[in-house]
Protein chains: 2
Amino acid sequence: MKRQPPNARERALIEAKANVLKALGHPTRLWMAEQLADGERCVCELAEFIDADFSTISKHLAVLKQAGVVEDEKRGKQVYYRLKVPCIVQYLPCVEAVIETSIRERAALLG
Amino acid sequence: MKRQPPNARERALIEAKANVLKALGHPTRLWMAEQLADGERCVCELAEFIDADFSTISKHLAVLKQAGVVEDEKRGKQVYYRLKVPCIVQYLPCVEAVIETSIRERAALLG
DNA sequence: TTAAAGAGTGGTTATTTTACCAAATAACAT
DNA sequence: ATGTTATTTGGTAAAATAACCACTCTTTAA
């Protein structure tokens, strides 16, 4: 069976998937997603541990939301964020495996 | 138990993980990774289906390699790429679930 | 009703990313 | 030796990203 170039439909799906991965591909946003694996958090709780302007944090959350990774809910003065599809963080062990492999290889090079 | 801000070690790990996700967070690179899930491919086989300059393709592969996602091997005139940690593509069903959720919600909005 | 706290927006700037072209390198065939 | 194919590298321009500041909006508290 010969391989095919991706058609328009497939290309759209790939783009959407890449967009999700890209959203998680920033240290601050990945950290946020990991925090949310333990349950919802308001912006102020997340901000407590992030050394960045509040507006920056807000924009990172907007990126995660736009990608469909999180959803938000306003309760009183606070806005709570939570993961929409929790499996998204269950992947991370494999991502870590990638890193461990790289580290092991570098160590092997050093003897 | 009170949550803690990430220390230097944790921050380095998060950065490394984010870097892997970022590498996969581009349509062309994600497509390449998916192709490699079926086994190694040389650059020319991948290029066959990608509408971009050869140099562009080469640079995308370099990004994946630098992130530790793929490794390469030169055999004759060709360079073959393969996944280093195959589980990296097993995640994608969850990524798709994120997208499906978004689509379903949008559909629900339309009634 | 006024002030303060939590969060988001708009604007700006520096940095990064991506794509293309041209040129270089490596291996093979003639 | 020379050309040809496969791939990478360097340069550059355009576009996207990420950070900060100043400001706005909303909700609660005084």
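Proteins get letters first, then strands, A, B, ... in listed order; numbering begins at 1 in each.
Put simply, CE on B/M32 is 12 Å from C1' on D/dT7, counting in whole angstrom units. Atoms CD1 (B/I57) and P (C/dT18) sit 14 Å apart, rounded to a whole Å. As rounded to whole Å, 18 Å separates atom P of D/dT26 from atom CZ of A/F54. Distance A/I50 CD1 to D/dC20 P: 12 Å, rounded to the nearest Å. The CD-P distance, from A/E48 to C/dA5, rounds to 16 Å in whole Å. Summarising the geometry, the separation between CG on B/L61 and C1' on D/dA6 is reported as 13 Å, rounded to the nearest angstrom. Note: CG (B/D72) to P (C/dT25) measures 19 Å, nearest angstrom. Taking atom CD of residue B/E73 and atom P of nucleotide D/dA6, one finds them 18 Å apart after rounding to whole Å.
Ring geometry for A/W31 against A/F49 counts as perpendicular: the plane angle is over 60°, on a 0 to 90° scale with 30° as the lower cut.
Taking the side chain of B/C44 as heavy atoms from C-beta on, and the options C/dT18, D/dT7, C/dA7, the nearest nucleotide is D/dT7. Among C/dA19, D/dA19, D/dT8, the nucleotide with an atom closest to any side-chain atom of B/T56 is C/dA19. The side chain of A/S58 approaches C/dA7 more closely than any other nucleotide in the set C/dA7, D/dA22, D/dT7. Distances were taken from every side-chain heavy atom of A/K59 (C-beta onward) to each of C/dA5, C/dG11, D/dT8; the shortest belongs to C/dG11. Out of C/dG8, C/dA7, D/dA19, the shortest distance to the side chain of A/Q78 is found at C/dA7. Listed nucleotides: D/dA6, C/dA5, D/dT7. Nearest to the side chain of A/K77: C/dA5. Proximity note for B/H60 (side chain, C-beta onward) versus C/dT9, D/dT8, C/dA19: the nearest is C/dA19. Out of C/dC20, D/dA18, D/dT7, the shortest distance to the side chain of B/S55 is found at C/dC20.
Checking the phosphate oxygens (OP1, OP2) of C/dA19, a side-chain nitrogen or oxygen of B/H26 falls inside 4.0 Å. Contact between the side-chain N/O atoms of B/Y81 and the OP1/OP2 oxygens of D/dT8 is found at a separation under 4.0 Å.
You'll find the side chain of A/L46 reaches within 4.5 Å of the side chain of A/Q35, heavy atoms only. Looking at heavy atoms from C-beta onward, A/L36 lies in side-chain contact with A/Y81 at the 4.5 angstrom threshold.
Annotation: of the two residues near DNA chain D, A/K22 and B/D53, the 5′-most nearest-nucleotide partner is B/D53. Residue A/A52 is the one, among A/A52 and A/R75, whose nearest nucleotide of DNA chain D lies closer to the 5' end (criterion: closest heavy atom).
A/Y80 comes within 4.0 angstrom of no nucleic acid atom, judged by non-hydrogen atoms across all strands. B/R29 comes within 4.0 angstrom of the backbone, heavy atoms only, and of no base.
When the options A/K65, A/E40, A/M32, A/R82 are evaluated for a side-chain contact (heavy atoms from CB on, under 4.5 Å) with A/V70, the one that passes is A/K65.
A donor-acceptor pair under 3.5 Å links the side-chain atoms of A/R29 to the main chain of A/A23, judged by distance alone. One N or O on the side chain of A/E45 and one on the backbone of A/C42 form a donor-acceptor pair closer than 3.5 Å.
Side chain A/K74 to base C/dG8: no donor-acceptor pair is found below 3.5 Å.
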